[in-house]
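We name chains A, B, ... by the order of the sequence lines, and we start the count at 1 in each one.
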Amino acid sequence: MIAAMRVAGLLGLMLLSGESLADYQLNMVPGVTEFSQGAYEIHTMVMWICVVIGIVVFGAMIYSIINHRKSKGAVAADFHESTTLEIIWTIIPFVILIVMAIPATKVLLAMEDVSGTEMSVKVTGYQWKWHYDYNVGEKAEEISFFSNITTPDSLSIATSGNVVKGDNYLTDVDNRMIIPTDTKVRLLFTSNDVIHAWWLPQFGVKKDAIPGFINESWISVPEPGIYRGKCAELCGTNHGFMPIVVEALSKEDYAAWVDGQKSAAAEVAASASKTWSKADLMAKGEQVYATFCAGCHQANGEGLPNVFPGLKGSAVATGDISKHLDVVFNGVAGTAMQAFGGQLNDVDMAAVVTYERNAWGNDVGDMAQPSDVKAMR
Amino acid sequence: MSAVIEEHHDHHDHKPTGIGRWLFSTNHKDIGTMYLWFSFLMFFIGGTLALVIRAELFEPGLQFVEPEFFNQMTTLHGLIMVFGVIMPAFVGLANWMVPMMIGAPDMALPRMNNWSFWLLPGAFGILIASLIMSIMGMGSAPNFGWTFYAPLSTTYGPASTDYFIFSVHLMGISSIMGSINIIATIMNMRAPGMTYMKMPIFVWTWFITAYLLIAVMPVLAGAVTMMLTDRNFGTSFFNAAGGGDPVMFQHIFWFFGHPEVYIMILPSFGIISEIVPTFARKKIFGYSSMVYATASIAFLSFIVWAHHMFTTGMPVAGELFFMYATMLIAVPTGVKVFNWVSTMWKGSMTFETPMLFAIAFIFLFTIGGFTGLMLCITPADFQYHDTYFVVAHFHYVLVTGAAFGIMAGVYFWLPKWTGNMYDETLGKWHFWTSVISVNVLFFPMHFVGLAGMPRRIPDYSLQFAEFNAMASVGAFAFGFCQLIFLYNVIKTARGKTSVKATGQVWEGAHGLEWTLPSPAPFHSFTTPPQVK
């Protein structure tokens, strides 16, 4: 109903004034990089060429429809071939195509030139989140993190209504990818499971993240800012819910962020050696579950019938804890259950297993400690 | 031979009766009728799935279906519309019209004709069974998009993927047999004097389409067979972990898939090339260049497939080759459009329903052609790829292109098939409601696509809300006004219209099919006509 009113409103606005439409984006974004601006310019050029051709062709048709109708007494002429005309309308489009091809080639060649990059970030697609790894290239930063949608409630009908729909609805993540400005950053793309596509319209970059392949592209962002994009290749159930957020920081701010990440990593390492209380594990586990598990097993632990098994009352979550740890650590071959051993650190793994065993009325009562997970590695 | 023909004369129009007439039919008209009704049924099923998609996308947020089911809807909508609606409708039209247009008594291989039709209900029964099981809570239907990219469809595919594979195999066998039949008919059964360059354009376009089908359906069968062994017998054609290559899947798929999109448009080009001269009362402009343009498009369709894959990380030389080759398609396609316009130019036009659909086809298909040209520009394609801009593009060429061509053809030939004129007022209502609603449905998709909305998502950000709501309104309007079409066809077929059709039907009609009485006799030309 609200949408219907919006449509009516929009149609009204279109009739009244063009300016009111400014809120609704009709066209491609020019974006902030050389690529995106190149793509925008060539898009604009080709679109206008098409409009002009359209006016000529449709104009001739409309003229003919109005004037050459039987009801106006038109008598059919009997011409039905002209080699000259056929040659003309073969050659003219060909020339127009060459006019389009030259700038298109120039822009493309610039985009594909990955030489002279100053740093690299490896982007890995997972069902249904992104992983950013700064651990590649000569200036290894040893920073690596997952980036998840902030509203796991968006994923099902029952909870979708709870999500506040603001300006960044479905385009907010917990951990942004951070890059420095005015730096030629090489991006490497791959995937852990199915094919995803990392798309950021403001950068003009869309590359498939393919298992077993490493694709590359590059960006150089002139202005600090927050840029948003989405996964563009159908990658399964929650394809619509794996946004991309990149934040460009000035070089100084970026250096500070790197230091912060390093000290945070040290803290995590230290916390793995202590013994955790059950309450702390449960609190931590709930966060980890929402990020890594709820996409399939759902926030209420009930899974999706016939697609993803529930954990509430399940044999694994209420049975032997070492078996439970094994399933989460090594995954289940031949199913969508991934091996989380490489994705979760000792603390997160212990916390999420503890959470699954004691949430939603499972109440097994036992818990896993980071040291138990460490022993599995 | 002549004795046999004489004998058949005695049984002229003695049709078999009851269900046997249809089950065991070897008659090109009855089989054509079954193809067309099958296509019509699938059109409403596939359309219903589209309305589920549009209902979910009416507003931001999830309201009606879970994301998992949404993916099943997009997948089955695509598969049913491509393989169950457009292709069978074209084969149905070919069955009906090709023998009549070339002066033949029937198709060359009538028993194979029966078999190629009766495989289809089985194929789609299997596919739709997976959806019914999904609704009944017994597992997921295919959910990986009609393009079924590996490894989403192999390692990660639901159990029903094996149903899907079997179904595609059956559709492939059906299509290959159908096209062998059409080629054999056209090569061997033309009336004396009908040389290749005297064949009606519809026959030409189908002749070329049949070759495309024979060339690429085995490639599709190969792709799904590799999926089958990957899924069930431990091979790793498309599994990177086993040394396979997920990108190879896309190359194989699109080597089939791009010619496939021309398979779905060339016969419509043929229909339009029959209708425009009839209602302009003027011969088709540039007959031979129309034939050469069709053949050029068919040739080019084999060397452009990777323009669907610009974002997979091809070498830049590959990207340039596929961009340039794709651009070339604009040339023969342009020639066709210019020839249609020149045919109308200085004609003496009337605007019965078939002509209205044909004119809408030329306008709207051309818009789809323009967006196609935009999409082939690689750097811009990085922004368009996998967005609603692509969805808008291929619906303009498939709905207002292929499907409008089929509707134009049905109105054009229905009087010949049934002996009754359809209801012109209802036809015009159907046309105007369709042409308006289809643009409300698909035109806003260009905007949301350019603004950044990816395809195949069940929920979207707020800036896309207005245009999505508008598209959904258009979708329901377009869907329901097809009921006018259904009603009109049934009314005409049952002889409830007041006007009986003459043999020639249309004032400007030329060609052998119009020399037969309406309705056309059960066996078309028992004595071959002489073509001068």
Chemist: Measure A197(A) against the heavy atoms of chain B and call it side chain, backbone, both or neither at under 4.5 Å.
Modeler: neither
Chemist: Under a 4.5 Å cutoff for heavy-atom pairs, which residue among G334(B), A280(B), P246(B) has the most contacts with chain A?
Modeler: P246(B)
Chemist: Between D208(A) (side chain) and G313(B) (backbone), is there a donor-acceptor pair under 3.5 Å?
Modeler: no
Chemist: Identify which of K283(B), Q72(B), M138(B), M453(B) forms the greatest number of heavy-atom pairs closer than 4.5 Å to chain A.
Modeler: K283(B)
Chemist: Is it true that a side-chain atom of S64(A) and a backbone atom of M344(B) form a donor plus acceptor pair closer than 3.5 Å?
Modeler: yes
Chemist: Name the region of S154(A), side chain, backbone, both or neither, that has any atom closer than 4.5 Å to a heavy atom of chain B.
Modeler: backbone
Chemist: Give me the ring orientation class for F338(B) and W89(A): parallel if the planes are under 30° apart, tilted from 30 to 60°, perpendicular past 60°.
Modeler: tilted
Chemist: Under the side-chain contact (heavy atoms from CB on, under 4.5 Å) rule, what do E66(B) and I157(A) come out as? Steps first, then yes or no, please.
Modeler: CA-CA 6 Å; E66(B) 297 288 358; I157(A) 299 175; 3.8 Å; yes
Chemist: Need one label for F241(A): side chain, backbone, both or neither, based on atoms under 4.5 Å from any heavy atom in chain B.
Modeler: side chain
Chemist: To the nearest 0.5 Å, how far apart are NE2 in H239(A) and CG in L152(B)?
Modeler: 10.0 Å
Chemist: Please flag which part of I53(A) lies under 4.5 Å from any non-hydrogen atom of chain B: side chain, backbone, both or neither.
Modeler: both
Chemist: Measure L97(A) against the heavy atoms of chain B and call it side chain, backbone, both or neither at under 4.5 Å.
Modeler: both
Chemist: What distance do Y384(B) atom OH and H43(A) atom NE2 have between them, rounded to the nearest 0.5 Å?
Modeler: 4.5 Å
Chemist: With chain A as the partner, which of N239(B), N339(B), D245(B), T74(B) has the greatest number of non-hydrogen pairs under 4.5 Å?
Modeler: N339(B)
Chemist: With a 4.5 angstrom heavy-atom cut-off, could you sort out which part of L234(A) is near chain B: side chain, backbone, both or neither?
Modeler: both
Chemist: Please state whether the side chain, the backbone, both or neither of M111(A) comes within less than 4.5 Å of a heavy atom of chain B.
Modeler: side chain
Chemist: side-chain contact (heavy atoms from CB on, under 4.5 Å) between H385(B) and E233(A): does it pass, once the steps are laid out?
Modeler: CA-CA 9 Å; H385(B) 181 75; E233(A) 180 63 59; 4.3 Å; yes
Chemist: Could you check K230(A) against S461(B) for side-chain contact (heavy atoms from CB on, under 4.5 Å), going step by step and ending with a plain yes or no?
Modeler: CA-CA 11 Å; K230(A) 286 199 171 150; S461(B) 308; 3.0 Å; yes
Chemist: At a heavy-atom separation under 4.5 Å, does Y156(B) approach chain A through its side chain, its backbone, both, or neither?
Modeler: side chain
Chemist: Does K206(A) reach the main-chain N or O of Q383(B) with its side chain, forming a donor-acceptor pair under 3.5 Å?
Modeler: yes
Chemist: May I ask you to establish whether K70(A) and F351(B) are in a cation-pi arrangement, using a distance under 6.0 Å from NZ or CZ to the six-membered ring centre and at most 45° from the ring axis?
Modeler: no
Chemist: Any chance CG of D78(A) has more than 12 other-residue heavy atoms, nucleotides or ligands included, within less than 6.0 Å?
Modeler: no
Chemist: At a heavy-atom separation under 4.5 Å, does I377(B) approach chain A through its side chain, its backbone, both, or neither?
Modeler: side chain
Chemist: Could you tell me which portion of S82(A) (side chain, backbone, both or neither) has an atom closer than 4.5 angstrom to a non-hydrogen atom of chain B?
Modeler: both
Chemist: Is the ring pair F58(A)/F363(B) parallel, tilted or perpendicular, if the boundaries are 30 and 60 degrees?
Modeler: tilted
Chemist: Name the region of E41(A), side chain, backbone, both or neither, that has any atom closer than 4.5 Å to a heavy atom of chain B.
Modeler: neither
Chemist: So which of M309(B), H446(B), R455(B), M323(B) has the biggest tally of heavy-atom pairs under 4.5 Å with chain A?
Modeler: M323(B)
Chemist: State whether the side chain of N71(B) and the backbone N or O of G236(A) hold a donor-acceptor pair below 3.5 Å, judged by distance alone.
Modeler: yes
Chemist: Count the heavy atoms belonging to other residues, nucleotides or ligands that lie under 6.0 Å from CZ of F79(A), then report whether that count exceeds 12.
Modeler: yes
Chemist: Between atom CD of E68(B) and atom SG of C296(A), what is the distance when rounded to the nearest 0.5 Å?
Modeler: 10.0 Å
Chemist: Which atoms of L85(A) come close to chain B, meaning under 4.5 Å heavy atom to heavy atom: side chain ones, backbone ones, both, or neither?
Modeler: side chain
Chemist: Heavy-atom count check: over 12 atoms from other residues, nucleotides or ligands less than 6.0 Å from Q37(A) CD?
Modeler: yes
Chemist: Can you list everything that forms a salt bridge (Lys or Arg N to Asp or Glu O under 4.0 Å) with D193(A)? Sequence neighbours excluded, please.
Modeler: none
Chemist: Hey, what do you get for CD (E86(A)) to CE (M290(B)), rounding to the nearest 0.5 Å?
Modeler: 8.5 Å
Chemist: Could you please spell out the steps behind the side-chain contact (heavy atoms from CB on, under 4.5 Å) verdict for V316(B) and L109(A)?
Modeler: CA-CA 7 Å; V316(B) 69; L109(A) 290 176; 3.8 Å; yes
